[in-house]
K.L.:
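There's a structure below that I have some questions on.
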Amino acid sequence: MTFPRLLLLFSLFSLAFSHENFDTHLLPRPLIVEHPETLLKEQSETHLKEENRLECSSWRFSVEANNLSPWKTIPEECVEYVRNYITGRGYSTDLQRVSREAADYAKSVELAGDGKDVWIFDIDETLLSNLPYYADHGYGLEVFDPVEFDKWVDKAMALPIEPSLKLYEEVQGRGFKVFLLTGRSESRREVTVENLINAGFRDWDQLVLRAPDEHGKLAIIFKSEKRSEMVKEGYRILGNSGDQWSDLLGTTMSTRSFKLPNPLYYIP
């Protein structure tokens, strides 16, 4: 064995048994292979989640555009989507936009100054939020139970929808008469007044609720009749805010109507 070969062999032995540290990146790294079935499963789950999001987003769009037939509950597969929307930034951003657009319109209106120019507000999901109730009832997945809902109403704990409170104060400050038109029962007048005041809504001009003989009427008929009565009394309905199309459509409609988002329930 020649001297150069002996020197190389000695060097290799020295490196192998040396106690000095050397860069580990010089050594081969272990090969990590993702199992094809795992990758396919993850891709499939991601695809299904995206498809579900798109389908539920499309469903909510149809709700807000009033393109769906009357529906009683949200789709079961959309519970997570509705919860994320209603408790997240999407819902609050949509509420703020509706409020801003309505306020811009209110600023553009020249009132007659005779006290006959009216802005109508619905109450539930328009001025007051019943989200705690619906959070306990599947975010609209359960069929509406009027008895259970009235128990919640009687607590007078619904919170204000802040963009609507801002609009409410804006139209009041501009001289509109404020009429509250709700499908709540006349028997709930006291707790409704208490809740509204506690939530910051004050000094309205009329609070119209359902009389006992009006409970069998569809909301769109009941509210149309009440608006007709207002017009017969000489009022001009210039603005109307509601979360249901039945708050806004029908006869004797407002000059401008503003629909707030609500994917939780549908009232014909």
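All residue numbers in this chain count up from 1 along the given sequence. Basis for what follows: all heavy atoms, side chains included, without hydrogens, waters or symmetry-related copies.
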K.L.:
Considering all heavy atoms of both residues, which atom of Gly242 and which atom of Asp122 are nearest to each other, and what is their separation?
P.N.:
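Scanning both residues, the minimum pair turns out to be CA-CB, 4.0 Å.
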
K.L.:
Can any side-chain N or O of Gln172 pair as donor or acceptor with the backbone N or O of Asp203 at less than 3.5 Å?
P.N.:
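A pair under 3.5 Å: yes.
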
K.L.:
Sequence neighbours left out, what pairs pass salt bridge (Lys or Arg N to Asp or Glu O under 4.0 Å) with at least one residue falling in residues 242-255?
P.N.:
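Listed by first then second residue: Lys223-Asp247.
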
K.L.:
Looking at Leu68, is its backbone amide N or carbonyl O close enough to the side chain of Ser62 to form a donor-acceptor pair, meaning the two atoms are under 3.5 Å apart?
P.N.:
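No, the answer is negative, given that no donor and acceptor are paired below the 3.5 Å cut-off.
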
K.L.:
Could you walk me through whether Phe176 and Val109 pass the side chain to side chain contact (heavy atoms under 4.5 Å, CB included) check?
P.N.:
CA-CA 10 Å; Phe176 286 88; Val109 175; 4.2 Å; yes

K.L.:
Measuring from atom CG of Leu249 to atom OG of Ser254, what distance do you get when rounded to the nearest 0.5 angstrom?
P.N.:
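Taking CG in Leu249 and OG in Ser254, the distance rounds to 11.5 Å.
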
K.L.:
If you define the side chain from C-beta out and look only at heavy atoms, does anything of Leu196 sit under 4.5 Å from Trp204?
P.N.:
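Yes, close enough: below the 4.5 Å cut-off.
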
K.L.:
Mind checking whether Leu248 and Lys259 have side chains closer than 4.5 Å, heavy atoms only?
P.N.:
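Side chain of Leu248 against side chain of Lys259, heavy atoms only: contact under 4.5 Å found.
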
K.L.:
What is the minimum heavy-atom distance between Ala112 and Asp117, and which atoms define it?
P.N.:
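Minimum heavy-atom separation between Ala112 and Asp117: N-OD2, 2.8 Å.
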
K.L.:
Is there a salt bridge (Lys or Arg N to Asp or Glu O under 4.0 Å) between Glu162 and Lys166? Walk through the geometry before answering.
P.N.:
CA-CA 6 Å; Glu162 293 295 341; Lys166 185 175 180 180; over 6 Å; no

K.L.:
By the rule that ILVMFWY residues connect when side-chain heavy atoms come within less than 4.5 angstrom, directly or transitively, which residues belong alongside Val231?
P.N.:
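ILVMFWY cluster around Val231 also holds Val118, Ile120, Phe179, Leu181, Val208, Phe222, Met230, Tyr235, Ile237.
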
K.L.:
Quick one: does Ser164's side chain have a donor or acceptor within less than 3.5 Å of a partner on Leu127's backbone?
P.N.:
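A pair under 3.5 Å: no.
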
K.L.:
Starting from Leu218, can I reach Met253 by hopping between I/L/V/M/F/W/Y residues whose side chains sit under 4.5 Å apart?
P.N.:
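Yes, because Met253 and Leu218 connect within a single hydrophobic cluster, where side-chain heavy atoms sit under 4.5 Å apart.
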
K.L.:
Should the pair Glu229-Lys232 be classified as a salt bridge under the 4.0 Å nitrogen-to-oxygen rule?
P.N.:
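So Glu229 does not pair with Lys232 through a salt bridge.
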
K.L.:
Do Ile197 and Val191 share a hydrophobic cluster (ILVMFWY, side-chain heavy atoms under 4.5 Å, transitive)?
P.N.:
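Yes: a chain of side-chain contacts under 4.5 Å links Ile197 to Val191.
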
K.L.:
Given the rule in the side chain to side chain contact (heavy atoms under 4.5 Å, CB included) test, do Thr87 and Leu131 qualify, once you have shown the distances and angles that lead to the verdict?
P.N.:
CA-CA 9 Å; Thr87 61; Leu131 183 55; 4.3 Å; yes

K.L.:
Less than 6.0 Å separating the ring centroids of Tyr134 and Tyr265?
P.N.:
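Ring-ring flag for Tyr134/Tyr265: true, centres closer than 6.0 Å.
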
K.L.:
Test your reading of the model: is there a side-chain donor-acceptor pair from Ser224 to the backbone of Ile220, 3.5 Å cut-off?
P.N.:
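It does hold such a pair.
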
K.L.:
Is the shortest side-chain heavy-atom distance between His137 and Asp145 below 4.5 Å?
P.N.:
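They are not in side-chain contact.
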
K.L.:
Can you say whether the rings of Tyr266 and Trp71 are parallel (under 30°), tilted (30 to 60°) or perpendicular (over 60°)?
P.N.:
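The arrangement is tilted - the two ring planes meet at 30° to 60°.
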
K.L.:
Looking only at non-hydrogen atoms, find the nearest pair between Leu209 and Ser185 and report the distance.
P.N.:
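Taking every non-hydrogen atom into account, CD2-O, 3.3 Å.
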
K.L.:
Glu125 versus Leu260: any side-chain heavy-atom pair under 4.5 Å?
P.N.:
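No; the side chains remain at least 4.5 Å from each other.
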
K.L.:
Do the rings of Tyr133 and Phe149 sit parallel, tilted or perpendicular, given the 30° and 60° boundaries?
P.N.:
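The arrangement is perpendicular - the two ring planes meet at more than 60°.
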
K.L.:
Parallel, tilted or perpendicular, judged at 30° and 60°: which one describes the rings of Tyr168 and Phe201?
P.N.:
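Geometry flag for Phe201 against Tyr168: perpendicular rings.
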
K.L.:
Grouping I, L, V, M, F, W and Y whenever their side-chain heavy atoms are under 4.5 Å apart, do Leu95 and Trp245 come out in a common cluster?
P.N.:
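Different hydrophobic clusters.
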
K.L.:
Listing request: all salt bridge (Lys or Arg N to Asp or Glu O under 4.0 Å) pairs with a residue in residues 84-110, at least two apart in sequence or in separate chains.
P.N.:
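Found Arg60-Asp94.
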
K.L.:
Looking at Glu55, I'd like to know if its CD atom is crowded, meaning that more than 12 non-hydrogen atoms belonging to other residues, nucleotides or ligands lie closer than 6.0 Å.
P.N.:
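No, the 6.0 Å shell around CD holds no more than 12 heavy atoms from other groups.
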
K.L.:
Taking it one step at a time, do Arg184 and Asp124 satisfy side chain to side chain contact (heavy atoms under 4.5 Å, CB included)?
P.N.:
CA-CA 9 Å; Arg184 287 189 179 195; Asp124 294 301; 2.7 Å; yes

K.L.:
When you measure from the side chain of Arg210 to the backbone of Lys217, do you find a donor-acceptor pair of N or O atoms at a distance under 3.5 Å?
P.N.:
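Yes, the answer is positive, given that a donor and an acceptor are paired below the 3.5 Å cut-off.
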
K.L.:
Which atoms form the tightest heavy-atom contact between Arg174 and Ala106, and what is the distance?
P.N.:
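Nearest pair, atom of Arg174 first, then Ala106: CD-O, 3.9 Å.
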
K.L.:
I'd like to know if the side chain of Thr192 reaches the main chain of Arg188, judged simply by a donor and an acceptor atom lying under 3.5 Å from each other, with no hydrogens or angles considered.
P.N.:
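Answer holds: yes.
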
K.L.:
Quick one: does Thr73's side chain get under 4.5 Å of Glu142's, heavy atoms only?
P.N.:
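No, too far: nothing below the 4.5 Å cut-off.
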
K.L.:
Salt bridge check, Arg236 against Asp114: does any charged N sit closer than 4.0 Å to a carboxylate O?
P.N.:
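Yes, charged N to carboxylate O under 4.0 Å.
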
K.L.:
Just do the side chain to side chain contact (heavy atoms under 4.5 Å, CB included) check on Ile161 and Thr126 with the steps written out, would you?
P.N.:
CA-CA 7 Å; Ile161 294 178; Thr126 299; 5.7 Å; no

K.L.:
Measuring from atom OG of Ser129 to atom CD1 of Ile86, what distance do you get when rounded to the nearest 0.5 angstrom?
P.N.:
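One finds 7.5 Å between OG of Ser129 and CD1 of Ile86.
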
K.L.:
About how many Å separate OG of Ser241 and CZ of Arg256, when rounded to the nearest 0.5 Å?
P.N.:
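Arg256 atom CZ to Ser241 atom OG measures 10.5 Å (nearest 0.5 Å).
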
K.L.:
Do the side chain of Tyr105 and the main chain of Leu238 share a donor and acceptor less than 3.5 angstrom apart?
P.N.:
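Yes; judged by distance alone, with no hydrogens or angles, the pair exists.
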
K.L.:
Counting heavy atoms not belonging to Glu80, are there more than 12 under 6.0 Å from its CD?
P.N.:
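12 or below, so no.
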
K.L.:
Could you give the distance from CG (Leu207) to CZ (Phe121), rounded to the nearest 0.5 Å?
P.N.:
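Here the interatomic distance stands at 13.5 Å.
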
K.L.:
Nearest 0.5 Å please: distance from the CD1 atom of Ile74 over to the OH atom of Tyr81.
P.N.:
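Answer for the CD1-OH pair, Ile74 versus Tyr81, is 11.0 Å.
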
K.L.:
Please report the closest heavy-atom contact between Ser99 and Pro163, naming both atoms and the distance.
P.N.:
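It is OG-O, 2.7 Å.
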
K.L.:
Give the minimum heavy-atom separation between Trp152 and Asn130, together with the two atoms involved.
P.N.:
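Closest approach of Trp152 to Asn130: NE1-OD1, 2.7 Å.
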
K.L.:
In terms of heavy-atom contacts, does CD of Glu233 have more than 12 from other residues, nucleotides or ligands at under 6.0 Å?
P.N.:
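Counting other residues, nucleotides and ligands, CD of Glu233 exceeds 12 neighbours.
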
K.L.:
Would you sort out whether Ser228 and Thr252 count as a side-chain hydrogen bond (donor to acceptor under 3.5 Å, both in side chains), showing the intermediate values?
P.N.:
CA-CA 6 Å; Ser228 295; Thr252 324; 2.7 Å; yes

K.L.:
Is there a donor-acceptor contact under 3.5 Å from the side chain of Glu64 to the main chain of Asn262?
P.N.:
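Side chain of Glu64 to backbone of Asn262, a donor-acceptor pair under 3.5 Å: yes, one is there.
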
K.L.:
Measuring from atom CD of Glu169 to atom CZ of Arg202, what distance do you get when rounded to the nearest 0.5 angstrom?
P.N.:
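CZ of Arg202 is found 9.0 Å from CD of Glu169.
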
K.L.:
For the residue pair Tyr85 and Tyr139, establish whether any side-chain heavy-atom pair is separated by less than 4.5 Å.
P.N.:
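Tyr85 does not reach Tyr139 side chain to side chain.
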
